[in-house]
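Notes to accompany the following structure.
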Amino acid sequence: MDSRHQRVKLNDGHFIPALGYGTYKPDEIPKTESLKGTKLAIDAGFHHIDTAYAYQVEEEVGQAIKSKIAEGRVKREDIFLTSKLWCTFLRPNMVQHNLKTSLNKLGLDYIDLYVIHYPVPMKPGEELFPTDEKGKTLFDTVDICATWEAMENCKDEGLAKSIGVSNFNRRQLEMILNKPGLKYKPVCNQVECHPYFNQSKLLDFCKSNDIILVAYGALGTQRDKKWVNQSSPAVLDDPVLCAMAKKYKRTPALIALRYQLQRGVVALAQSFKEKEIKENSQVFEFQLTSEDMKVIDGLNRNLRYLPAEFIEGHPNYPFADEY
């Protein structure tokens with residue numbers, strides 16, 4: 001098997017490729033870039049594609065996948081596709097509707113992994129970010145355990161092969177794990193994770209419960225002006241990572257991705273540049289020493305680039321807890 005397709009076993013028996021291609025794009029980047037980027041990623045050997053209803057690029061991502069299947073480059077079963085249930089659809093009777101909308105946009109009949117994007121319910125409706133006249137987010141009240149039961153139904157119906165969560169803290173994961181009558185454990189928790197925010201406590205908790213940690217922002221995010229404080233330091237400019245990149249004759253991005261893989265974390269890499277996409281797929285061609293792994297551990301500064309301020313103030317806001 002091609003090492004680029006190194007996979008990690010999920011607690012439901014399915015396998016997730018250890019390296020994924022993230023399709024989030026800032027508003028100023030045209031959607032055509034998502035189409036192009038996903039095609040380039042598949043050409044470079046990425047078999048794990050991560051998208052979401054809220055990214056509003058599912059049509060483009062689906063088109064890219066279907067065109068590569070039509071070319072005979074991959075089969076549908078070679079591709080591991082993730083999408084996410086958005087906050088305005090957390091009411092149990094709306095979960096399947098949101099998933100079917102995503103499938104419709106993607107033009108596919110199942111998703112490999114469907115995750116709850118955030119544990120915070122917002123006012124139902126077609127608006128992605130519902131707000132009042134003062135610009136404050138309009139929230140909803142939903143029992144997340146009931147949302148999870150609706151996710152379990154999606155798996156039972158074959159609409160999603162695996163189900164998981166994203167941006168959940170330990171307490172919220174425990175709520176689901178301890179739910180009476182739990183049918184399926186979340187297979188993963190997708191969270192921001194990079195050398196400046198290594199999530200070591202959450203990672204240990206997930207490992208002890210056989211839940212895979214999936215890292216978004218593994219390269220320090222795309223620094224989208226809308227969400228990220230522009231004065232925050234950029235991970236990939238870190239002198240330690242840059243020195244290590246020289247030592248291994250790799251890029252700082254590859255060092256950051258390799259670090260995650262060696263910790264047992266599934267890493268999502270994001271780029272629209274062909275050269276970078278190809279480079280990122282080389283993460284399986286080298287290994288970091290345990291000493292260098294410790295050095296990177298030491299870079300942690302609990303710096304969260306994406307604090308999701310739009311959901312602050314809701315009792316389910318996940319980032320108020322230590323982890």
Side-chain angles (χ1 to χ4, degrees), residues 1-25 31-85 98-115 117 151 154-155 157-164 166 187-188 190 212 214-216 218 257 260-261 265-272 274 276-284:
M1 191 170 182
D2 187 333
S3 66
R4 282 180 307 192
H5 307 140
Q6 189 180 315
R7 299 182 307 164
V8 178
K9 192 173 186 181
L10 299 170
N11 63 37
D12 64 358
H14 291 296
F15 287 85
I16 185 170
L19 178 68
Y21 177 72
T23 63
Y24 171 79
K25 66 160 201 65
K31 289 188 177 198
T32 48
E33 289 296 303
S34 300
L35 176 65
K36 209 171 82 190
T38 306
K39 282 182 179 178
L40 288 169
I42 295 171
D43 284 341
F46 281 84
H47 278 185
H48 171 186
I49 310 289
D50 180 271
T51 193
Y53 174 81
Y55 300 170
Q56 298 182 284
V57 293
E58 286 175 315
E59 283 102 332
E60 288 73 18
V61 169
Q63 250 179 297
I65 292 170
K66 284 178 297 187
S67 78
K68 289 296 159 188
I69 292 172
E71 281 173 29
R73 189 145 192 123
V74 286
K75 298 189 196 69
R76 170 63 186 96
E77 58 272 23
D78 296 333
I79 296 289
F80 187 99
L81 179 68
T82 301
S83 196
K84 307 180 187 82
L85 173 73
N98 194 214
L99 173 50
K100 284 182 170 166
T101 303
S102 285
L103 285 171
N104 213 4
K105 286 174 187 265
L106 290 157
L108 299 169
D109 47 16
Y110 71 90
I111 286 173
D112 297 273
L113 173 61
Y114 197 48
V115 301
H117 207 145
M151 294 284 284
C154 291
K155 178 172 163 71
E157 294 199 18
L159 298 170
K161 293 201 181 275
S162 299
I163 49 173
S166 177
V187 296
C188 70
Q190 186 182 128
I212 295 294
V214 178
Y216 70 76
L257 292 173
Q260 299 295 5
L261 267 42
V265 170
V266 168
L268 301 177
Q270 216 304 313
S271 175
F272 293 112
E274 183 170 10
E276 290 178 353
I277 292 171
K278 282 182 172 161
E279 266 169 8
N280 291 341
S281 73
Q282 296 164 8
V283 70
F284 303 105

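- Side-chain contact check for Ser102 and Glu58: at least one donor-acceptor pair (N or O, by modelled atom type) lies under 3.5 Å.
- Every residue meeting the salt bridge (Lys or Arg N to Asp or Glu O under 4.0 Å) condition with Glu274, not counting sequence neighbours, appears here in chain and number order: Lys278.
- Partners of Lys100 by salt bridge (Lys or Arg N to Asp or Glu O under 4.0 Å), not counting sequence neighbours: none found.
- Atom CZ of residue Phe80 and atom CG of residue Leu10 lie 5.5 Å apart, to the nearest 0.5 angstrom.
- Side-chain contact between Ile277 and Asp43: absent, with no pair of heavy atoms (C-beta onward) separated by less than 4.5 Å.
- When all heavy atoms of Ser281 and Leu19 are compared, the pair lying nearest together is CA-CD2, 4.0 Å.
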Would Val187 and His14 count as a side-chain contact (heavy atoms from CB on, under 4.5 Å) here? Give the steps. CA-CA 9 Å; Val187 296; His14 291 296; over 6 Å; no

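- Atom SG in Cys154 sits 5.0 Å away from atom CG in Leu99 (nearest 0.5 Å).
- Atom-to-atom distance recorded for Phe284:CZ and Leu261:CG is 5.0 Å, nearest 0.5 angstrom.
- Residues Thr23 and Asp50 form no side-chain contact, since every pair of their non-hydrogen atoms from C-beta on lies 4.5 Å or further apart.
- Of all non-hydrogen atoms in Ala267 and Ala218, the two that sit nearest each other are CB-CB, 4.4 Å.
- Taking the side-chain contact (heavy atoms from CB on, under 4.5 Å) definition, one finds that Gln63 meets it with Leu35, sequence neighbours left out.
- Residues that satisfy the salt bridge (Lys or Arg N to Asp or Glu O under 4.0 Å) test with Lys155, not counting sequence neighbours, are Asp12.
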Using a 3.5 Å cut-off and no angle test, enumerate the donor-acceptor pairs between side-chain atoms of residues 103-112 and protein atoms at least two apart in sequence or in another chain.
| residue | atom | partner | partner atom | Å |
| --- | --- | --- | --- | --- |
| Asp112 | OD2 | Arg76 | NH1 | 3.1 |
| Asp112 | OD2 | Arg76 | NH2 | 2.9 |
| Asp112 | OD2 | Leu81 | N | 2.9 |

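- In this structure, Ile79 CD1 and Lys68 NZ are separated by 10.5 Å, a value rounded to the nearest 0.5 Å.
- One finds the CG atom of Leu113 at 4.5 Å from the SG atom of Cys188 (value rounded to the nearest 0.5 Å).
- Here Gln260 pairs with Arg263 under the side-chain hydrogen bond (donor to acceptor under 3.5 Å, both in side chains) rule; sequence neighbours left out.
- Between Glu33 and Lys36, the closest side-chain pair of non-hydrogen atoms falls below 4.5 Å.
- Under the rule for a side-chain hydrogen bond (donor to acceptor under 3.5 Å, both in side chains), the partners of Tyr114 that lie at least two apart in sequence or sit in another chain are Asn98.
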Please step through side-chain contact (heavy atoms from CB on, under 4.5 Å) for the pair Gln190 and Val266, ending with a clear verdict. CA-CA 9 Å; Gln190 186 182 128; Val266 168; over 6 Å; no

Apply the test side-chain contact (heavy atoms from CB on, under 4.5 Å) to residues Leu40 and Tyr21: give CA-CA distance (whole Å), side-chain angles for both, the deciding distance (0.1 Å), then the verdict. CA-CA 10 Å; Leu40 288 169; Tyr21 177 72; over 6 Å; no

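- Checked against side-chain hydrogen bond (donor to acceptor under 3.5 Å, both in side chains), Lys66 has no partners two or more places apart in sequence or in another chain.
- Taking 4.5 Å as the limit, every side-chain heavy atom of Gln270 sits out of range of all side-chain heavy atoms of Asn280.
- Scanning for ring pair (Phe, Tyr, Trp, His ring centres under 6.0 Å) contacts around Tyr55 gives Tyr24, His117, with sequence neighbours left out.
- Residues passing the side-chain hydrogen bond (donor to acceptor under 3.5 Å, both in side chains) test with Thr38: none are found, sequence neighbours excluded.
- Scanning for side-chain contact (heavy atoms from CB on, under 4.5 Å) contacts around Lys31 gives Lys25, Gln56, Val57, Glu60, with sequence neighbours left out.
- One finds the CD atom of Gln6 at 14.5 Å from the NE2 atom of His47 (value rounded to the nearest 0.5 Å).
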